[in-house]
Structures are given as structure tokens and as C-alpha cells.
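Letters A, B, ... are given to chains in the order of the sequence lines, protein chains preceding strands, and every chain is numbered from 1.
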Amino acid sequence: MKNKEIIRSFRLAVSLLELHDENPFKIRTYSNAVANLERVDVPLESLQISDLEHLEGIGKSIASKIFELNQTGSFPELDALLAATPPGVVDMLRIKGIGPKKIRVIWKELGVETAEDLLQACENNQIAALKGFGSKTQETIKNGLLYSESSKGKVHYATVEKYSNELVSFLQTNLQTNLVAVAGEVRRRLEIIETMLFIAAPPDPLQVPVLLQQRPELQFDEVKSGPFVWRGQETQTGVRVEVKIVAADSFYNALFQYTGAAAHLNSLYNDTDCLLQLVNQQKFASEEEIYQQAGLPYIQPELREGRQEIAWARENQLPDLITDEDLQGILHNHTTYSDGAHTLATMATYCRDQGYHYLGICDHSKAAFYANGLVEHRVKEQHREIDELNQKMSPFRIFKGIEADILADGSLDYNDDVLRTFDFVVASIHSNLKMEEKKATERLLGAIQNPFTTILGHPTGRLLLQREGYPIDYKTVIDACAFYKVIVEINANPWRLDLDWRWVDYALSQGVLLSINPDAHSTGGYHDMHYGVQVARKGGLTKEMTFNAWPLEKVTNYFEERRIKALAEVK
DNA sequence: GCCGTTTTCGGCCCGACTGTTTTCAGTCG
């Protein structure tokens with residue numbers, strides 16, 4: 001069992017223990033164990049019970065539970081807790097804004113055991129009438145339910161990327177043709193995927209369902225399928241799968257038609273004709289040929305959303321999109337100083353060995369107590385270690401950064417004397433996420449105006465498919481970043497991808513630089529940068545405007561100049 | 001349930017906010 005799955009099981013156990021009103025100290029122990037397990041960087045399944053017991057926060061009891069999880073996929077106490085809880089109540093734990101205590105009340109007092117009943121209870125005002133509840137809590141629950149309902153069957157792009165490539169290879173190999181490709185949302189690199197769509201031109205259409213039947217993870221939906229379309233579901237993720245079967249000479253027409261969003265296909269490429277009409281008129285031997293026929297340069301799939309790519313193409317102004325290989329360094333990363341899994345030295349070495357030239361360490365600041373945020377003397381300690389490593393690892397460079405919490409009033413949680421010791425500062429909101437647009441925007445503006453703020457971190461705090469970000473006035477925030485020369489982060493974590501790519505072109509139009517930051521909490525986290533690049537490309541981001549695609553020297557100078565300017569301002 | 005002893009019991013991480021209260025419990029990060 002992977003560490004992540006083990007941790008997930010214990011997290012569930014924590015919630016269930018809370019739900020069943022168990023001893024709070026026992027709950028705290030489990031919860032501590034989760035926090036400690038997150039920092040373990042060896043596979044837990046490789047450890048014996050005696051090794052497990054030596055881990056911090058893990059005693060005899062939890063050690064044997066971890067061991068049993070590995071053997072059987074569960075442990076008796078978890079099974080017992082699950083058996084004592086209706087599945088619908090377990091699902092309710094996912095709703096943001098209410099926790100186990102409130103769920104317990106709803107379950108016990110009202111006998112609500114499913115999401116449907118819960119929604120009904122909200123509609124009937126039964127929730128608001130409960131002791132300790134009110135109309136706002138009821139509204140929160142209702143919104144949470146509707147949000148999770150709307151998230152059903154949807155997954156993050158990162159969840160399907162590898163799988164969809166594998167399925168293409170599988171079909172190509174077994175159909176003995178190269179004419180199989182990913183289309184649709186996945187090819188356009190949308191951050192959320194509802195359907196994995198494939199186009200295949202097999203020698204014999206009947207081969208496709210036969211082959212797909214060999215895949216145990218795929219469930220066939222006979223009713224929705226036809227002779228030239230296979231529809232079903234990938235059962236691990238619940239995401240829909242669709243394979244369109246076409247003749248070889250229609251392959252590129254189909255690929256084109258099922259890649260672009262409707263708005264792209266319906267766009268006029270001259271004064272009278274749209275791309276869809278064009279592609280219905282004749283057969284093409286490549287997508288390049290289609291655009292050529294339309295008198296346009298080739299448009300990358302991720303841009304085909306029907307926004308302004310046609311206008312760009314018509315003026316020959318298509319951006320030269322950023323690539324994974326363009327990135328020179330990795331900014332905004334955590335270490336064991338705060339809530340990361342790997343030490344500073346490990347994070348630095350791995351970064352260098354991946355071929356990058358610089359690393360920005362941005363552990364949590366002191367207000368983030370829950371994440372072991374750095375109080376002032378630990379900042380100094382970290383800076384000493386960075387100095388030492390920089391000596392050893394030169395010309396590779398570690399920048400002293402911090403992810404400073406933006407407090408409720410828009411100020412940062414260190415004073416200027418501390419802020420001045422960093423090479424750069426990523427300012428992010430982590431607390432009080434429930435805000436009106438005006439308050440959230442003003443809070444961000446406060447941070448943007450701080451002369452020490454270098455980068456604005458995950459601007460909306462959203463967690464895709466889990467919670468919406470706080471609402472912000474994007475234009476005002478981006479305009480302020482332009483005015484105060486603050487770089488905007490594209491947080492590359494597949495759950496965040498925040499700044500949303502739909503605002504990248506506006507930021508660029510205002511001259512705002514963007515930085516693709518993984519927010520890595522382990523060395524593996526660096527690889528999330530790939531997802532950041534994907535959405536950045538959708539937004540039209542170029543190498544020139546990607547801050548961490550700049551070479552080391554240029555980045556060093558930028559930080560230095562900004563710091564000097566900040567020091568002059570606060571004097 | 002874990003830990004660290006004043007070493008087999010007793011104590012056990014925060015701070016802010018919200019929504020509900022009318023002094024505080026629940027939730028979040």
C-alpha cells in the first residue's frame with residue numbers, strides 16, 4: 001500500500017473517531033500520527049512493525065495498524081468504525097464548512113443518512129432549527145452539497161494524463177496503427193476533465209470494443225454506445241470514456257473536430273466561414289493542413305477554446321508558448337523546516353540533479369502555526385543553512401524565500417526587519433477563506449502594496465473539485481500587481497492551478513510577469529510544474545513572461561533590485 | 001493512543017473567525 005493510501009485511511013479514522021465522539025486525546029494522537037506519516041519519505045510498506053514504532057508519534061498500536069493495512073488493506077478498528085456509520089454519513093464528511101461534530105448532530109437528531117436527505121433537510125429548514133445551527137450553517141451545507149454534486153464524475157487533469165497516454169499506446173500497438181489519439185478536454189489540457197475522448201481509425205472497427213473489453217478498469221455502457229462509438233467509464237476515477245471510431249481518411253478531420261471547443265470550431269476564420277464548415281467540406285491529411293486551408297498558422301490544441309486564438313492567428317500574433325524545458329528554476333517550495341517532507345539539503349540536491357539552476361525555499365511563516373511556520377529565530381537558522389549549502393553547491397543557487405501569510409488586514413505576518421532578510425517573498429492567504437469579494441480583494445491589495453512582496457501566491461485559494469476560491473476582483477488585483485511590479489504565481493499543484501489560466505492573457509496585457517510554482521512539499525512535488533506549464537500554455541504564456549524561465553543571473557538581479565527598492569521605501 | 005518521565009501514570013500544540021450564542025463550540029489552515 002502506498003504511503004498516501006495509508007495516510008488516507010488514518011485520516012478517515014480520525015474523522016470517524018470524531019464523528020463517534022471518541023476520546024479527544026486518542027483522536028489527537030491519530031491526527032498527530034497522520035502529520036508525522038506525511039513526513040516519512042520511505043515506503044511504509046517496506047518497514048517492519050519494530051521500525052514503524054520508532055517513527056515519531058507512532059506507538060505499538062498504530063504501528064501494528066499500519067502493518068495490517070499493508071497486509072489486508074484495512075484494520076479492525078477502521079472496519080468497526082465504518083460498520084457503525086452509514087455510508088452516506090461517511091460521504092458527508094467531505095462537505096466543506098461542517099465537521100464531524102455537526103454531522104453527528106444532524107445524523108443523530110434528524111436521522112439524516114444520505115446526501116439527498118441532507119439536502120431535503122436544508123430545503124425544509126430542519127437544519128437551521130437544530131441547536132447550535134442557524135440559517136448560515138444551513139446555507140453552507142447546501143452550497144457544499146451542490147458543489148460536491150457538481151464535482152461528481154469530474155477529475156483533475158493530472159489524474160488522467162498518464163492513463164490517457166497509456167490507453168492510446170495500448171490501442172496503437174494492438175490495432176497496429178498510429179491513427180489513435182487523445183482529443184477533447186484532455187488534449188486541450190483543461191484543468192478539470194469530465195470525459196476522456198479518443199479518436200481511433202482501426203483497420204476494422206470491430207476490433208476496438210474487443211480490445212477495450214480486455215481492460216479490467218473500463219466499464220462498457222452498451223446503451224450509450226454504437227457501432228462507431230464506444231462509451232463507458234474508467235472505474236477507478238469514475239470519469240467517462242469515449243472512443244470515436246472513424247475511417248483512416250477521416251482521422252484528422254475527426255481529431256480536429258473533437259479537440260476544439262465549440263466556440264473555436266464556430267469561429268470565423270475569414271469574414272464568412274467558420275472552421276467547422278471548412279472541416280466538413282473536405283478530408284485533410286493533417287491538422288496543419290486544415291489551418292493552412294483557412295489561411296491561418298497552426299493553433300496549438302490547448303489554445304482552441306474560442307477566446308482570442310483566431311484573432312491572434314489572423315494577425316500572426318500567436319504566442320510562442322512556454323514549455324517544460326524552458327523552466328530554469330523552481331520557486332516556492334517547502335522543507336521540513338515547516339510542513340515539507342524533505343530536508344532543505346534533499347530538496348536542493350534533487351532540484352539541481354533535475355537540471356535546474358536555482359531553487360526558492362518558501363516555508364510557511366509564523367502565523368501558519370498548524371504548518372509549523374517559522375518563528376524569527378528559525379528563519380535565521382534556515383538562512384545559515386542556505387548560506388552553507390550555497391557555498392557547497394555553487395553555481396547552483398538557493399534563494400531565501402518565505403511564504404508569508406497575508407493576515408486579515410492585508411499585512412504580512414513579519415515586520416520589515418525580518419522581511420528584509422529574504423531574497424524574495426511569496427505572499428499568500430491561508431486563513432479566513434470565507435470572504436466577500438470586496439474584503440478578499442482589499443486584503444490582496446494590502447499585500448501587493450507591501451514593498452517586500454515579490455510574488456502573489458495562489459491568488460484565490462481554490463481547491464479544484466473541493467472548494468471554490470474566495471471571490472476576487474481579478475482586474476483590480478492584476479492591475480495592482482502591474483503597478484507595484486508584483487509577479488503573480490500560477491500555482492502548479494493540480495488541485496490549485498491558481499491563477500486561473502483564463503486570466504493569464506489579461507495579466508500579460510498589463511505587463512505582469514507570471515511564475516509557475518509547484519508549491520512542493522516534497523521532491524516529488526517539483527514534477528507538478530508540468531501541470532502549471534499546461535495551464536499556462538492555455539493562457540498563452542510565453543517563455544519571456546515566465547519569471548522562472550529566466551536564467552539565474554537575471555533572476556538574481558531582479559530580486560536584488562526589488563529588495564533595494566523596498567529597503568529605500570521603508571526607511 | 002503516545003510520550004516521557006518527577007519512568008507505568010498524567011498530560012497532551014495554536015489562533016482567528018464564524019455563527020451561534022449571550023459566553024462558546026466548531027471549523028479551518
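Every residue was checked against the side chain to side chain contact (heavy atoms under 4.5 Å, CB included) condition with A/Glu436, not counting sequence neighbours, and none meets it. Here A/Phe399 pairs with A/Tyr358, A/Phe559 under the ring pair (Phe, Tyr, Trp, His ring centres under 6.0 Å) rule; sequence neighbours left out. A/Tyr531 is linked by a ring pair (Phe, Tyr, Trp, His ring centres under 6.0 Å) to nothing, counting only residues two or more places apart in sequence or in another chain. Taking the side-chain hydrogen bond (donor to acceptor under 3.5 Å, both in side chains) definition, one finds that A/Ser135 meets it with nothing, sequence neighbours left out. Under the rule for a side chain to side chain contact (heavy atoms under 4.5 Å, CB included), the partners of A/Asn390 that lie at least two apart in sequence or sit in another chain are A/Ile386, A/Arg397, A/Ile398.
To the nearest whole angstrom, the two P atoms, one in B/dC2 and one in B/dC13, are 15 Å apart. If you take atom C1' in B/dT6 and the same atom in B/dG1, they sit 22 Å apart, rounded to whole Å. Nucleotides B/dA16 and B/dC9 have their C1' atoms positioned 34 Å apart, rounded to a whole Å. Taking atom C1' in both B/dT27 and B/dT20, the straight-line distance is 13 Å, to the nearest Å. Nucleotides B/dG26 and B/dT21 are separated by 13 Å at their P atoms, to the nearest Å. Comparing the same atom, P, in B/dG11 and in B/dC17 gives a spacing of 32 Å after rounding to whole Å.
For B/dT8, there is no paired base (Watson-Crick or G-U wobble, both distances below 3.5 Å).
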### Task
Summarise how protein sits on nucleotides 19-25 of chain B as a single string, 5' to 3': B when a protein heavy atom is under 4.0 Å from the base, S for sugar-phosphate-only contact, - for no contact.
SSS----
### Message
Across nucleotides 1-16 of chain B, 5' to 3', mark each nucleotide with B, S or - according to how protein heavy atoms within less than 4.0 Å reach it.
### Response
BSS--------BBB--
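Within 4.0 Å of A/Pro100, counting heavy atoms only, lie sugar-phosphate atoms of the nucleic acid but no base atom. Residue A/Ile98 is classed as a sugar-phosphate contact, given heavy-atom separations below 4.0 Å to backbone atoms only.
Atom-to-atom, CD1 of A/Ile27 to P of B/dG26 comes out at 11 Å; the value is rounded to the nearest Å. Rounded to whole angstrom, the span from the CD atom of A/Glu139 across to the P atom of B/dT18 amounts to 17 Å. The separation between A/Lys102 atom NZ and B/dT18 atom P is 14 Å, rounded to whole Å. Here the C1' atom of nucleotide B/dC28 and the CG atom of A/Leu463 are 12 Å apart, to the nearest Å.
Among residues at least two apart or in separate chains, side-chain hydrogen bond (donor to acceptor under 3.5 Å, both in side chains) pairs with a member in residues 487-501 of chain A are A/Glu191-A/Trp501, A/His332-A/Glu489, A/Thr460-A/Asp498, A/Arg462-A/Asp500, A/Glu489-A/Asn491, A/Glu489-A/Asn517, A/Asn491-A/Asp519, A/Asp500-A/Arg502.
Side chains of A/Gln382 and A/Asp363: a donor-acceptor N/O pair is present below 3.5 angstrom, by distance only.
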Show the atom names and distances, to 0.1 Å, of all donor-acceptor pairs under 3.5 Å that link a side chain in residues 1-17 of chain A to residues at least two apart or in another chain.
unit_1: A/Asn3; atom_1: OD1; unit_2: A/Leu44; atom_2: N; d: 2.8
unit_1: A/Asn3; atom_1: ND2; unit_2: A/Val42; atom_2: O; d: 2.9
unit_1: A/Glu5; atom_1: OE2; unit_2: A/Lys2; atom_2: N; d: 3.1
unit_1: A/Ser9; atom_1: OG; unit_2: A/Glu5; atom_2: O; d: 3.2
unit_1: A/Arg11; atom_1: NH2; unit_2: A/Glu38; atom_2: OE2; d: 2.4
unit_1: A/Ser15; atom_1: OG; unit_2: A/Arg11; atom_2: O; d: 3.3

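A/His364 contributes atom NE2, which lies 5.0 Å from atom OG of A/Ser338 (distance to the nearest 0.5 angstrom).
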